[in-house]
Amino acid sequence: MSQHVSSRISGFYKRCLEERLHAIQALGLLDEEALAHLASGGGLPTAVADRMCENVIATHALPLGLALNFRVNQRDVLVPMAVEEPSVIAAASNAARMVRRSGGFSGEADPPIMTAQVQLDDVPDAEAAAARLEAARASLLAAGDAAIPRMVARGGGCRDLEARVLSAELGVLVVHLYVEVGDAMGANLVDTVAEAVAPLVQRIAGGTLGLRILSNLTVRRLVRVTATVADDALGGADVASGIARASRFAELDPYRATTHNKGFMNGLDAAAVALGQDFRAIEAGAHAYAAIGGRYRPLSTWERIPGGLVGRAELPLAVGTVGGATEVHAGVRAALQLVGAKSARELAVVLASVGLASNLAALRALASEGIQRGHMRLHERKRALGGASTAGGEPAAPPSGEGKRFAAERAEAPLAVHQAGGGT
Ligand code: MEV
């Protein structure tokens, strides 16, 4: 998005779908094809779906909304989200608005280095074999590069190698090849490398060849984001302290950390789905990383600083702006145009920021009025607007005439959430 375009679009939630599209069109982010796609209601032609996977009988749709107010590394970003759970988009937008007041999110992503694994069993003297493999590093990296010449021509390729003895007794040894994959998610490239180097690995180490596949625990492809938010923006120092206490709870308790991370992934996954990313890979990597120290921990933390909070998140994030669904799915292409990330690394920083926003919104609600009241307020406002979406991230003012009518809604809203397939 160009510098002068803002991700704050006042009253977006109050407009009808057509008006929202006009507002987006006016930003000049979308090409003709993307605009036509969204104006037609989005979706996926069954003929395209039939080419994407097997045994297709129809397509399966989700609501596509926009999270507003995001500012990431000094750039305003509109975040498309595909999600069935009510209030995820509004919550992320609201939290982004609070963070925006203190400058927005900042972050950085590692170079896009994926991990290929080659497994060997029954290796005689596995430690000595590991040393031989490390000594043969140059020829193994060259063998890997030879299998992905186009990626090498684009500046990617095999960068490093590691031989890990998993069991000296059983002779189980695994070789990691670290492959830079440019702006792709990179799974296919890495699998190609793993299969290409495997015969040489076996010749050097001996033993029986096993799996040749990427690892989704992409520890050399981490993203780190941070945000500060002022007490005022949160609704006071008590709320801020409550959020810090909630964060500590998650650090101390894996049961709470799991739900904390679910809230973090709510926004990240929704954006990942809209952007055609492999959300299963993202989820697998995130939770494995959360447990990497031997105990499951929160992916993000919030710490008290004078006058506010600082939030930090770190996780592996293998995402791409090229390849996969980005090549064939018109909705994904439109979503990528909206985000405007120039690289996979930039996209990773945006997605992690969305995670941190979702997490902040959840903790703020939990540390103040509880989660259900906000859901009900959205539900109420949606009814008041005659069914228009409430994803605008505007201040969640209590509905007028709260009293009895709201009490009645209170009984109804969790049901509505449940019916929509959303867990809380
Ligand atoms: C609901 O989808 C997500 C939350 O449970 C997250 C959390 O508890 O932090 C509200």
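Numbers for residues simply follow the sequence, beginning at 1. Whatever order the structure lists them in is the order used to number ligands and atoms, beginning at 1.
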Closest non-hydrogen contact found for V152 with G157 is CG2-CA, 4.1 Å

Quick look: N359 vs ligand 1, heavy-atom contacts under 4.0 Å, and the answer is neither

For H260 and ligand 1, does the shortest N/O to N/O distance drop below 3.5 Å? no

For L366, the atoms of ligand 1 under 4.0 Å from one of its heavy atoms are 7 (C), 8 (O), 9 (O)

K262 heavy atoms within 4.0 Å reach ligand 1 at atoms 1 (C), 2 (O)

Hey, can you tell me if H287 and Y296 have their rings parallel, tilted or perpendicular (30° and 60° cut-offs)? parallel

Practice problem: Would you kindly check if the NZ (Lys) or CZ (Arg) of R159 is within the cone defined by 45 degrees around the ring axis of Y178 and under 6.0 Å from the six-membered ring centre? | Solution: no

* Asked: Do F249 and L363 come within less than 4.5 Å of each other through their side chains, counting heavy atoms only?
  -> no

| said: Under the criterion side chain to side chain contact (heavy atoms under 4.5 Å, CB included), I'd like the reasoning laid out for L78 against L29: C-alpha separation, chi angles, the key distance, then a yes or no. | reply: CA-CA 10 Å; L78 290 173; L29 299 166; 3.7 Å; yes

In terms of its nearest heavy atom to atom 9 (O) of ligand 1, the top option of E85, M265, R364, R256 is R256

Quick note on ligand 1: atoms under 4.0 Å from a heavy atom of T259 include exactly 5 (O), 6 (C), 7 (C), 8 (O), 9 (O)

